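Everything on this sheet refers to the single structure shown next.
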Amino acid sequence: MIQTQLEALIRQALKKAQKKGDLPKFPMPEITVTRPRREGQGDYSTALPLQIVKPVNNALKEKGGGKLSPMQIGEILIKRLPQADFLDRAELAKPGFINLHLSPAWLARQAGAIVHQGPDYFKVDLGGGKKVQVEFVSANPTGPLHFGGARNAAIGDALARLLENSGYQVQREYYVNDRGTQIETFAMTLWRRYQQLFGLDVDIPADGYPGAYMIDYAKIIREEHGDSLLNLPEEAIIPRFRELGLKIVLDELKDDLAMMNVQFDEWFSEQSLYDDGTFARVFAILSEQGDLYEKEGAVWFRASKYIGGDRDEVFVRSNGEPGYFASDMAYHYHKFIVRGFDWVINVWAVDHQNQAKRLPPALKAFGIDPERLTIVLYDLVTLKRGGKEVKISKRSGEIITMREVLEEVGADAARYFLLSHSNEARIDFDIDLAVAQSSENPVYYIQYAHARASSILRKAADAGFAPSDAHLDLLACPEELALLRKMLQLPEVVLFAVERLAPHHLPHYALDLAKIYTNFYGHCRVLSDDPAQKDLTEARLMLVQAAKTTLAYVLGLMGMSAPEKM
RNA sequence: GCCCCCGUAGCUCAGUGGCAGAGCGGCGGACUUCUAAUCCGCGGGUCGCAGGUUCAAGUCCUGCCGGGGGUGCCA
């Protein structure tokens with residue numbers, strides 16, 4: 001990555017200046033090279049002279065020497081800057097910046113490098129092969145996924161793709177909450193709906209699931225089993241309907257998520273933690289450590305011991321059922337101790353913020369470093385139709401499902417829109433507006449840029465042209481160099497997005513890139529009949545191929561398609 | 001009460017301590033084109049308010065205002 005190479009160069013300059021006695025010795029500061037927002041300030045710049053003016057002058061004072069201004073320090077650093085093929089020149093700017101200009105010839109050669117290396121050109125190795133799990137969506141399996149789940153899916157899957165492209169070994173997991181109150185109520189509702197299909201005069205439970213989809217589920221069961229389940233023994237009803245209902249819902253979830261181009265490696269059952277003894281083991285460990293006690297008929301976990309404060313957590317409720325804290329503890333014991341993930345990322349909605357704060361330190365009870373669990377919180381999506389808010393409660397019967405929205409706006413547009421906001425910002429999503437604007441949506445603009453690049457390459461092949469790096473030095477006009485600079489930025493964007501687990505930088509970068517590519521397309525004709533232009537055509541074809549590679553790569557990171565034609 | 005998030009252009013939102021940005025909408029231009037799902041130009045701002053740190057604050061710190069969320073037997 002060019003940014004880190006520039007930083008290394010500056011570091012060398014500082015070391016050399018100190019060695020030669022131009023500057024006094026002091027601890028090496030953190031050196032950062034950033035992209036200036038304005039033109040004319042170089043491709044990168046550093047404020048190092050301003051940052052080190054104090055330590056420099058303090059050190060000089062101790063030796064009884066005079067003072068240096070930031071501009072003087074900058075001059076010294078530039079004098080000691082080593083040569084590099086990618087660096088054209090370094091300029092000093094007031095009040096003490098060093099502006100770094102990349103070599104245009106080197107930039108032009110990167111078109112070839114991108115084409116020859118392909119996506120590898122953009123990869124950064126942060127993970128070193130570490131095993132990381134991204135757990136996301138994990139909505140209760142009691143009905144269709146509502147649109148809020150689509151945001152979780154978009155963020156989680158983009159994070160997984162970012163990590164996969166940054167040297168991590170990634171597993172995608174969906175946690176299936178297939179035990180507890182909600183699922184019991186779900187099974188009971190399903191049983192009643194099934195009975196109603198046969199004309200029985202029964203009501204669904206008062207706190208049940210009134211949505212019409214429950215009737216559809218009941219019909220699926222009727223189709224497969226006819227009336228044979230009406231005479232089940234009392235104690236077999238709920239377990240049987242839970243099992244049948246779960247299968248229907250999970251199949252539906254898989255289909256819905258496939259529409260979003262999201263696939264999970266593992267659908268992890270909460271119930272399995274109780275069936276395979278994980279919960280019993282966790283209970284025994286905590287009990288042995290004296291971390292459990294009884295109060296008010298419930299078993300409590302001494303959370304305060306690990307988290308601080310004076311608040312403990314209910315572990316086993318007074319009705320004998322383990323609470324959510326217990327399940328989460330057992331689940332994460334399984335992730336870290338049984339399955340051995342180095343790092344786990346959970347994507348949760350903000351209404352879990354309290355648990356997000358408390359669960360990681362609680363894992364210290366198992367000797368697990370809380371740093372190994374990162375919880376990414378995202379705010380909710382407020383759905384609107386025609387400017388009016390639509391409530392998305394699963395229990396209202398008036399749910400807007402992810403499937404419904406995807407059918408209207410398409411998976412690519414939905415993913416782009418859901419990703420383009422920072423995780424912790426709330427999204428107002430007006431479905432009518434999204435549909436109405438779909439042809440003006442940035443997503444089509446970006447994909448169109450890719451389709452046009454593909455088209456040029458097809459046409460070129462028909463005309464007997466092929467991309468070539470024989471004359472890349474002909475790529476020298478501002479539009480071409482701007483495109484190359486933008487492509488070079490992608491690894492920095494990936495790094496930034498991974499470090500902050502903030503995939504929303506991807507759509508913004510993609511739009512910028514598409515805009516700069518389209519500008520190049522408008523200004524620089526690629527294909528030419530003039531034989532004298534052959535070298536330029538072949539060089540520009542290389543640039544087009546590189547741009548296509550870059551666009552496809554960033555679209556891929558967002559889980560979006562990169563069409564050859566539109 | 002306490003804790004977390006959000007507040008930036010008419011709208012929707014980016015913004016990594018280094019001279020405030022994009023998309024959409026508005027206004028004015030460009031279509032015998034390698035795909036017009038396009039391009040060029042213009043207008044638009046007390047970065048919620050007040051202090052503080054800093055050579056430099058939309059960005060860091062403190063307080064306040066407004067909106068949302070959380071706060072021991074739901075998950």
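Throughout, a chain's letter reflects where its sequence line sits, starting with A, and its residues are numbered from 1. These figures come from a predicted structure and were not determined experimentally. Side chains included, hydrogens not; waters and symmetry mates left out as well; all remaining heavy atoms used.
Using a 4.0 Å heavy-atom distance criterion, A:His523 is classed as making no nucleic acid contact. A:Lys565 comes within 4.0 angstrom of a base, heavy atoms only. Residue A:Val350 is in sugar-phosphate contact alone, with no base atom involved, counting any heavy-atom pair closer than 4.0 Å across all strands shown. Looking at heavy-atom distances under 4.0 Å, A:Arg525 makes contact with a base. Across all strands shown, A:Phe315 has no heavy atoms under 4.0 Å from either base or sugar-phosphate atoms.
In this structure, the NE2 atom of A:His421 is 14 Å from the C1' atom of B:G15, given to the nearest Å. Taking atom CG of residue A:Leu48 and atom C1' of nucleotide B:A56, one finds them 16 Å apart after rounding to whole Å.
Between the P atoms of B:C55 and B:G63, the separation comes to 24 Å (whole Å).
Closest to the A:Tyr293 side chain, of the nucleotides B:A75, B:G69, B:G72, is B:G72.
Using a 4.0 Å cut-off, some side-chain N or O of A:Arg317 falls inside it from OP1 or OP2 of B:C74. Applying the 4.0 Å criterion to OP1 and OP2 of B:C39, one finds that A:Tyr445 has a side-chain N or O inside that range.
Mapping A:Ala514 and A:Lys459 onto RNA chain B by nearest heavy atom places A:Lys459 closer to the 5' end of the strand.
Taking the charged nitrogens against the carboxylate oxygens, A:Glu538 and A:Lys534 do have a contact shorter than 4.0 Å, which makes a salt bridge.
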